[in-house]
Structure formats: C-alpha cells, structure tokens
2 protein chains.
Amino acid sequence: MAVTIHDVAREAGVSVSTVSRALSGARRVGPELVERVHEAARRVGYRHNAVARALRAQRTGVIGMVVPEISNPFFPAIVEAVERTLQESDRELMLCDSRRSPDVERRRIQALLGRQVDGLLISPVDSQASTKVLHEAMRHTAVVQMDRYADQTRLDWVGVDDESGMALVVQHVRDHGAERVALVSAERNSSSGRDRLDALRRATTTAGLAESVELLGEFSIDWGAAAARELVSRGDLPDAVVCGNDEIAVGVIRELRRHGLAVPDDVLVTGFDDTPIATYIEPALTTIRQPREAIATEAVRLLDARLADTELPVRKLALQPELVVRGSTQPGSEGSAS
Amino acid sequence: MAVTIHDVAREAGVSVSTVSRALSGARRVGPELVERVHEAARRVGYRHNAVARALRAQRTGVIGMVVPEISNPFFPAIVEAVERTLQESDRELMLCDSRRSPDVERRRIQALLGRQVDGLLISPVDSQASTKVLHEAMRHTAVVQMDRYADQTRLDWVGVDDESGMALVVQHVRDHGAERVALVSAERNSSSGRDRLDALRRATTTAGLAESVELLGEFSIDWGAAAARELVSRGDLPDAVVCGNDEIAVGVIRELRRHGLAVPDDVLVTGFDDTPIATYIEPALTTIRQPREAIATEAVRLLDARLADTELPVRKLALQPELVVRGSTQPGSEGSAS
DNA sequence: TCGCCACGGGCAAACGTTTGCCAAGTTTTG
DNA sequence: CAAAACTTGGCAAACGTTTGCCCGTGGCGA
C-alpha cells in the first residue's frame, strides 16, 4: 500500500537520491529528469512521508501550542492567527488544551517534546506552577510564551500591555464622569490576573480616582455574576465596574440588570480582550481590544529568532491595545453596535 | 544534546534491544535489569523519540482533525472532548482549521496524510466540494465525519439527529401557541444547512403548522440580523422564528429588539446547538443541545473500529438531541437562566 | 592535447527506534 | 539424567528519507 521514493525511482528508472533531489530541488537535476521523476511520482501516486523526513532531517515542521482552555473564546482567535502564520512557512500546529491544570499542562508539554516539535508556544496556566516544566522544555526546544507568562523564567513573551489597557479604560470612564470605580477580576495566580490588578491600581491613582473595592475570583461569567451580587448587597455602588475580561463583564452586566440596575445609566461597565462576546450582549461591551493577529505573528517571529540563535537575549513584547467604545459606557446611545 | 536509547544502553551496560524492551514492556525482562535501565534512563535524561518510533512502528499515535472554523464556538467544545478521549489511549490530536474553504481543506488533509496520521476526524466544509478529497483520504487512513458530512461518500458519520431536534423545537413553539413559524438558517451547501431545512419542513407539516417564510444565508450573527430586518420589513411577522443555529438566533433577537419588538412576548425565537452564547444573551436562548461529549467519544470509537477493520459497513450515527428551554420562548419569566 | 572544473547521477550511511531471530542459560518433564 | 521447553539477552535489519562523498562525462582554457 505504502508507495515510497523507491517505487518512484524504479518507475522513473533512476536512483532514489535523484528522486529525492528532483522532488525537493535540493540540488540541480537535469530538467528532463525532473520532469520524468514528477511524472513517475504522479503515476504511482507518491506522497511524501513527513515522519521519515523528520527523522532524517531532525526537524518535524511541527510547532506545539498549549492553551489553558480552548473553549475560552479568546484562544481560538489566537490559534487561528498562529495557524495562518505558520502555514506560510509550511509548518503545522499541534494544539493541546491544558484544561487549566498545571499537571495536565506538564504532561502535554512532555508529549510535545517527545514528538520533537520544532518549537513551543504556550500560555502558561499558572504563574508559579508552570515555571519548572517550562525550564525543562527550553532545554530542548525554542519556547515562547503568549498572553500569560510564568514567573522566574528566562523566556520570551508576547502579549498585550495591560498597563496601557487599564489606563485607557480608567481614562475613558473618568471622562464619562465616573469617580469611584470597582474592579472585578481574577486571582493573582495567573499573570494576567496579577498584572491587570496592579495596572488598574496605578491607573486609578494616576487619574486621581478612588478605587472603591476589588473583587478577585476567576475569568468566568459565573464569577462576574457572583461579584455583581456582592457589589449590590454592599449597597454602595461605584460609578463604574472595570472587569478583568469580557466574560466577567457579561456576568456583571446580567446580574446588575437582574437587580434592576441600568447599564450604562446607573453604572458603567467595561471588559477586556474584545472577544466576540462583547458584541453579543446588550448593551454591547466597551472593552480593550487585543491585537490578536499581531500577537500571533510576533510569537512566531520570536520563536524563529530563538530557533536561529538560542543565545539571544530574552525579549518581552507588550503590544499596545486599543479602546473599543460601545454601549456599556455610553448612556443614551442604547446599545449602538460593534 | 539528543540523548538516545544507545546512551541509556551504555549507561546501564546492556544492549539497546534490552533497553527498548525494558522501557516498553514488550517482552519479559529480568526485574533487576528493568530497574537498572530505568535508573540509567533517568540519570542520562532520556526522552522517548516519537518520530523514530513512528517510522519504525508505522503508526504515529496522532489523529488529525479538520474543522471549518475553530472560532465558531461549537467546535472548541467538540475539540476539547475529542482530545480528552484520545488522551485515554495516549494519542495526540493535530488540529487544523479549513477556514470554510474547500481548497484550504484539501491542503490541510493532504498535509495530515503526509504526516501519517493514524486517522482523520473531519467536519467537511461543503457537502459537494469536499467529497473528492475525502475519497482520496480514505484510501490512506480511517476517516470519520463529525457534525457535517459530504455527499456520496461511503464514510462513517456521527452527529446530531436534526430531524428530532427540529421536531422538538416545532412541538415546543406550538405548545406555546405559535401557529406560523419562520425559518432563518444557512444555505443548503453544508449538510447541516440542508438537513435542518428539510427537517423543519417535515416537522411543521406534521405539526399542522404554517411555515410562513424561509430565509437562507449563513451560520452567523450578521446573517441573523439581516434576516430579521427582512422579516420586519415584510411587515408580516410570524409567531416564532426558528433559527438554524444559536448565532443566527442571537442576530435575530438583537435586530428584532432594535425594531421595538419583544422577545419572547411578540415573537418566540429558538436556536440550535446550545453553544455558550445561548446563555450570554438576554433573553437566554431556548435551543437544541447537541450531545457534544457523546459525539466526540462515538467519533473516536468509530475511528478505532474502522482502523481495526476497513471492511466494516459504513455507519451513520444520529445522536438524540435535547430541548433546552430558556427565556426566549417563555413569556413572563424574564430571562431565567441556564 | 592535456588537465582542470563544473555538472549531475548513484552509493551508502545515517536519523532513533522496534523486533525477528539466534543463542546461551535455566527450568521442567519423562 | 537427558531432552525438551522456556526464558532472556544481543545482533542486526528494517522503517523512508536526506545528504556526504565519489565518479564519469563533457566543456573549456592553457
């Protein structure tokens, strides 16, 4: 069943090396021979065996990628962009989901290394627990962190500039009259959770605003809803609720409305990431748009640079985000869209 | 840098075959030797080379999967479940996005075949254009279609029973007093589009309802919104709008509301799939829940069966869906949740 | 005319495993 | 106690490529 380069060689009446070179163009081969080889390959139905090639060439053309949760809508967009970028250089993506567990993450990384991936793109689950396995991984292949990162690693990273993002948000709500803002975000155990919290604190201070309260849970709708209940029950509502990502904001908005509060008329609400959800809900969400395409292309670029030279200095690329203003901070303009 | 089985053999003072057997357990090896080999492997930091193993064993332990669009929230849930299932048998998933293009799809499949995947899971982009490449693929490996399928293929398939789903929906809206229903769905060029349309027609006939109008576009929010505008401009609103998937329903609801119509009080709206979106919006969406976990496990099971015996008769598995009733068809109960 | 070089084809080794076969040692059996 | 059977370790071939090296041919300058 398996038709190999040997079959092609026999069919074309040449040696296997000639076939290999004719097909790959690694060295000059007579034009009429090239034609004959291609013709023979077509005739016997030859298909390249990437496994054998990988073993011999010591490179697989596969990049491994590990994300904390593929069903979090932020990641499919990144994955899509990475895949598109890789395709330009004829490489494939092997995607793994670490299910937000450092233990699963470790196993997935080990498996990818065993498969001899040419590089590893990862959004680490936990800023502490992921460190060790990443250190091991970088001894075997090029590793670039995306979006999130692990502490104490000398590893490249590309993501969004949380500092700028939060500054944009704070400035925006202040311009709309907010004086007291609340933060609803995730615990400090992921780098995004921690950095966004710190960034918000600095931004409110700089803007001269009062931060009324910080509620930290996880990046989910349910947590957003729970936090909103907490805010309402305290009876001391802020002017604006700044959320750590879009999903939290969705939960917050839904729960506030359920308690008879109007968004944006009673409270402004903002998200972070600009996932598709942001336009699904009503009012549409004012949020920070991550430059996803750029994150993906830069990640691959960093990976290739590291591949070319292991000794390169570590680079951390914080890309500039963009404020997207929608209904959730625009009183009166009832949910005007995307 | 690369530490191989030979290094382990030298360290342990045995032959490579003994190391291989001790590590894989392929044959009885003396217990003290097993121990010594493991110890040596640990000491030199040995890691299995999956590429070499794949070449020799003629199986890679990788399953290829091609989906039309990973950012369509229906697919990440499937991918997650498939990955989890595969992990039980120590296999990896190689995921590709065909970007809703038959041409990209063809290239992705070719690449996966070249990588010697042990099997192929695919949700074909187009019921016509995808047929040819699938036929070629099945000559090289086991292929199972998921969710969507291509015509004229003798290929296994597992998905949801659209017939039952639409029957459940129609029965439900009729029970809530609807007499005239409209369908907003996608063109007939994907199998889901076609089958859901046909199923709805039969269901309305059976239920003795009048189907006022069919609007066919694509499975997207934008199309849902456009269709809703069309419905409104015709001025002859149906009692219920049945949508081909959840995203269309989201677009329909948003646009209806924008025209001052209340859902569910003026018009009932239903979705299909029960993606996370269904609970994001207000009112939450009454929809058909696909048994995603079951689809994933059955797909892998079919694949393994086919792998074991190529001559097996073709099987088409239509799994039973479930109606999930939420606010969009429950007048008065203002958006009670999931 | 001779020698040198460029060109293009082929041989065979290597990539890191697994595994069929053989042989030596050990146990069971009649 | 000898023969048969079983156990266990090692040798070497194979998986399908790519590529370093060698070699024959023909063109060209001296």
Original post:
Given atom CD of B:Gln116 and atom C1' of D:dT17, what is their separation to the nearest angstrom?
Top reply: 11 Å

**OP:** Output yes when at least one side-chain N/O atom of B:Gln58 is less than 4.0 Å from OP1 or OP2 of D:dG16, else no.
**Re:** yes

Subject >> A:Arg56 side-chain proximity, nearest of C:dG10, C:dT17, C:dA14 >> reply: C:dA14

Original post:
Should we say atom CZ of B:Arg100 is surrounded by more than 12 heavy atoms from elsewhere, each under 6.0 Å from it?
Top reply: no

Subject >> Residues A:Ser130 and A:Glu105: side-chain donor-acceptor under 3.5 angstrom >> reply: yes

Subject >> Spacing of B:Leu33 atom CG relative to D:dT8 atom P, expressed in whole Å >> reply: 10 Å

Subject >> Distance below 4.0 Å between A:His6 side-chain N/O and C:dG10 OP1 or OP2 >> reply: no

Subject >> Heavy-atom side-chain proximity of B:Arg306 to B:Met138 below 4.5 angstrom >> reply: no

Original post:
Taking atom P of D:dG16 as reference, at what distance in whole Å does atom CZ of A:Arg59 sit?
Top reply: 22 Å

**OP:** Would you mind telling me which of C:dG16, C:dG10, D:dG9 lies closest to the side-chain atoms of A:Arg21?
**Re:** C:dG10

Original post:
Within the structure, does a side-chain N or O atom of B:Ser15 lie under 4.0 Å from either OP1 or OP2 of D:dG10?
Top reply: yes

Subject >> Atom-to-atom span, CD1 of B:Ile5 to P of D:dA14 - whole angstrom >> reply: 19 Å

**OP:** Whole angstrom is fine here: how far is it from CG in A:Leu55 over to P in D:dT17?
**Re:** 12 Å

**OP:** Check whether any side-chain heavy atom of B:Asp147 lies under 4.5 Å from a side-chain heavy atom of B:Ser192, and answer yes or no.
**Re:** yes

**OP:** Could you state the atom-to-atom distance from OH of A:Tyr46 to P of D:dT18 in whole Å?
**Re:** 6 Å

Original post:
Whole Å only: how far is the CG atom of B:Leu23 from the C1' atom of C:dT17?
Top reply: 11 Å

Original post:
Got a salt bridge between B:Glu69 and B:Arg99, using NZ or NE/NH1/NH2 to carboxylate O under 4.0 Å?
Top reply: no

Original post:
Which part of the nucleic acid, if any, lies within contact of B:Val14, taking any heavy atom under 4.0 Å across all strands shown: a base, the sugar-phosphate backbone alone, or nothing?
Top reply: sugar-phosphate

**OP:** Using heavy atoms to find the nearest nucleotide of DNA chain D for B:Ser17 and B:Ala52 separately, return the residue whose nucleotide is more 5′.
**Re:** B:Ser17

Subject >> Sugar-phosphate only, base, or nothing, as touched by A:Ser20 at under 4.0 Å among non-hydrogen atoms >> reply: base

**OP:** Whole angstrom is fine here: how far is it from CG in A:Asn49 over to C1' in C:dC15?
**Re:** 13 Å

Subject >> Listed nucleotide nearest any side-chain atom of B:Arg53, set C:dT18, D:dG9, D:dT18 >> reply: C:dT18

